[in-house]
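Report on the following structure.
Both ligands and their constituent atoms are indexed starting at 1 by order of listing.
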Amino acid sequence: MTIPFIDLKAQYAALKSDIDARIATVLEHGKYVMGPEVSELESRLADFSGAKHVVSVSSGTDALLVALMAEGIGPGDAVFVPALTFTATAEVILLVGAIPVFTDVSPSTYNIDPADLKHRVEQTIERGQLRPRAIIAVDLFGLPADFVALDTIADAHNLLVIDDGAQSFGATLDGRRVGSLAPVTATSFFPAKPLGCYGDGGALFCDDADRGTLYDSIRVHGKGSNKYDVVRIGLNARMDTMQAAVLLAKLDVFESELTARESLAQLYDKRLESHFTLPPRIPGATSAWAQYTIQADHRDALAAELKARGIPSAVYYPSPMHLQTAYQIHGEGSGSLPNAEQLSHRVLSLPMHPYMDDQVAEQICHALVDASEAVSV
Ligand SMILES: *Cc1c(COP(=O)(O)O)cnc(C)c1O
């Protein structure tokens with residue numbers, strides 16, 4: 001029996017009748033683009049997250065891109081992003097013509113470090129070449145960023161805080177859900193995310209009605225009062241009706257899946273605490289556990305030993321963004337973002353999904369401890 005890293009087949013087996021029925025309905029009504037499931041999903045996501053306006057889009061990347069386009073962010077603008085993230089967070093900034101300013105992460109949360117952010121915003125202002133406009137905070141591995149501290153910095157410099165909640169949909173901070181932690185939130189429904197569809201999908205969340213209207217316009221080619229009234233340059237960035245149908249079926253069990261993820265994280269914590277650095281937790285916050293990520297010495301050797309014992313693992317991310325080929329001109333080279341660089345050598349994500357038996361989890365922990373002993377001799 002192979003142990004999957006994420007078990008989408010087990011989820012489908014559990015939800016098959018609901019998912020199949022939802023898909024069959026779409027095949028019958030035939031409204032494949034902007035069908036009724038799209039607005040039904042948006043209102044369900046608004047209820048779930050507490051955000052007033054939800055606009056579904058074609059991917060998490062497009063959600064971020066639409067968010068920047070709506071603010072008119074472009075040439076001459078600086079957008080601050082953590083260096084330890086997926087490329088999508090940074091690439092959208094360059095796509096609109098602005099410049100990403102890579103910022104270090106906190107060693108205690110792995111999320112953007114408010115102290116380093118403050119320093120980089122002030123430095124950008126001093127240099128006088130770029131206009132600071134926004135912060136894209138990433139809720140890495142599912143744990144919300146420090147939005148209280150980010151708001152203080154954003155208020156002082158009139159910056160927009162955008163939550164890249166691609167990994168954190170379902171997480172909470174001080175009783176509020178992702179989607180209502182920042183003025184703008186972008187999430188992803190890529191299959192491997194905590195709430196995933198069967199292809200690409202994403203959504204934008206906000207409370208401001210004008211923003212919601214702009215997002216709706218940009219995702220449909222900059223439409224005005226109708227599709228053939230073009231009032232701005234937009235995109236084709238709609239979510240397919242079929243994906244909305246899949247998400248509606250999955251949303252029914254999402255709360256219980258989040259609970260199952262938390263239980264698995266607690267089991268891992270208990271078994272692994274005396275051997276590894278455990279994933280960060282923050283008082284007042286819950287994680288959506290997109291990933292359960294430990295820190296380990298000799299990480300690559302440990303992953304190889306695990307693989308030999310039939311346990312898959314993954315590294316998010318083997319290189320921080322400022323050291324990636326495509327971004328080197330925008331970073332300050334090796335050593336400039338030490339926490340992100342150090343974490344990229346030490347992090348290891350373990351199998352995490354809501355359908356794992358405790359027995360399998362115990363087997364993974366046993367193999368991990370065994371593998372770490374093999375590596376350290
Ligand atoms: C997955 C991910 C994205 C992009 O989402 P897609 O739906 O794949 O476009 C953006 N940011 C982060 C942090 C992600 O993990």
Side-chain angles (χ1 to χ4, degrees), residues 5-6 8 41 45 54-69 79-96 100 102-103 105 109-112 134-145 147 150 161-171 178-179 181-182 184-205 215 218-219 235-240 242-244 246-247 250 279 287-293 314-322 324 326-327 340 343-344 347 349 352-353:
F5 188 70
I6 290 175
L8 294 174
L41 175 70
L45 291 172
V54 176
V55 177
S56 62
V57 290
S58 41
S59 70
T61 306
D62 285 341
L64 290 165
L65 181 59
V66 169
L68 295 179
M69 288 172 74
V79 179
F80 299 82
V81 276
L84 193 67
T85 185
F86 181 57
T87 183
T89 318
E91 85 187 325
V92 292
I93 299 165
L94 287 157
L95 283 172
V96 298
F102 292 110
T103 304
V105 295
T109 64
Y110 310 175
N111 285 327
I112 194 165
I135 302 158
I136 306 182
V138 177
D139 304 329
L140 198 71
F141 305 143
L143 188 69
F147 289 100
L150 297 183
V161 179
I162 299 171
D163 180 4
D164 178 348
Q167 302 180 6
S168 63
F169 192 65
V178 163
L181 303 181
V184 174
T185 301
T187 199
S188 165
F189 303 119
F190 182 79
K193 309 288 183 183
L195 180 63
C197 55
Y198 286 161
D200 282 306
L204 283 147
F205 303 73
Y215 298 161
I218 293 170
R219 76 171 161 175
L235 302 166
N236 176 359
R238 297 165 296 225
M239 175 184 283
D240 291 343
M242 209 68 98
Q243 301 304 341
V246 171
L247 288 168
K250 290 199 188 186
S287 176
W289 295 111
Q291 306 296 338
Y292 182 94
T293 305
V315 174
Y316 301 117
Y317 294 92
S319 169
M321 281 308 121
H322 66 292
Q324 291 279 2
Y327 296 109
L343 281 167
S344 72
V347 286
S349 300
M352 165 53 79
H353 63 82

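- Short contacts between ligand 1 and G60, defined as distances under 4.0 Å to a heavy atom of the residue, involve ligand atoms 5 (O), 6 (P), 7 (O), 9 (O).
- For F169 and F205, the distance between ring centers is under 6.0 angstrom.
- Taking a cut-off of under 4.0 Å to the non-hydrogen atoms of Q167, the atoms of ligand 1 that pass are 13 (C), 14 (C), 15 (O).
- Taking the six-membered ring for Trp and thresholds of 30 and 60 degrees, F102 and Y327 have ring planes more than 60 degrees apart, a perpendicular arrangement.
- Residues L95 and L65 form a side-chain contact, since some pair of their non-hydrogen atoms from C-beta on lies under 4.5 Å apart.
- Of the residues I112, T89, T103, V105, the one that meets the side chain to side chain contact (heavy atoms under 4.5 Å, CB included) test with L84 is V105.
- Atom 8 (O) of ligand 1 has its nearest heavy-atom neighbour, among P82, S188, S168, C197, in S188.
- Counting heavy atoms from C-beta on, the side chains of S349 and F5 come closer than 4.5 Å.
- Among protein heavy atoms, atom 4 (C) of ligand 1 sits closest to T61 OG1, 3.6 Å.
- Distances below 4.0 Å separate heavy atoms of S59 from the following atoms of ligand 1: 7 (O), 9 (O).
- Here's the thing with D200: none of its N/O atoms is less than 3.5 angstrom from an N/O atom of ligand 1.
- For ligand 1 and A166, the ligand atoms under 4.0 Å from any heavy atom of the residue are 2 (C), 3 (C), 10 (C), 11 (N), 12 (C), 14 (C), 15 (O).
- When side chains are defined from C-beta on, V161 counts as touching F147, because their heavy atoms get closer than 4.5 Å.
- The contact set between ligand 1 and V138, taken as ligand atoms under 4.0 Å from a residue heavy atom, comprises 13 (C).
- The closest protein non-hydrogen atom to atom 2 (C) of ligand 1 is K193 NZ, 2.7 Å.
- The nearest heavy-atom contact from the protein to atom 11 (N) of ligand 1 is D164 OD2, 2.7 Å.
- Q243 contributes a side-chain N or O that, together with a main-chain N or O of Y198, makes up a donor-acceptor pair within less than 3.5 Å.
- With contacts defined as side-chain heavy-atom distances shorter than 4.5 Å, the pair M321/V81 does not qualify.
- When each atom of ligand 1 is checked for a heavy atom of T85 under 4.0 Å away, the hits are 13 (C).
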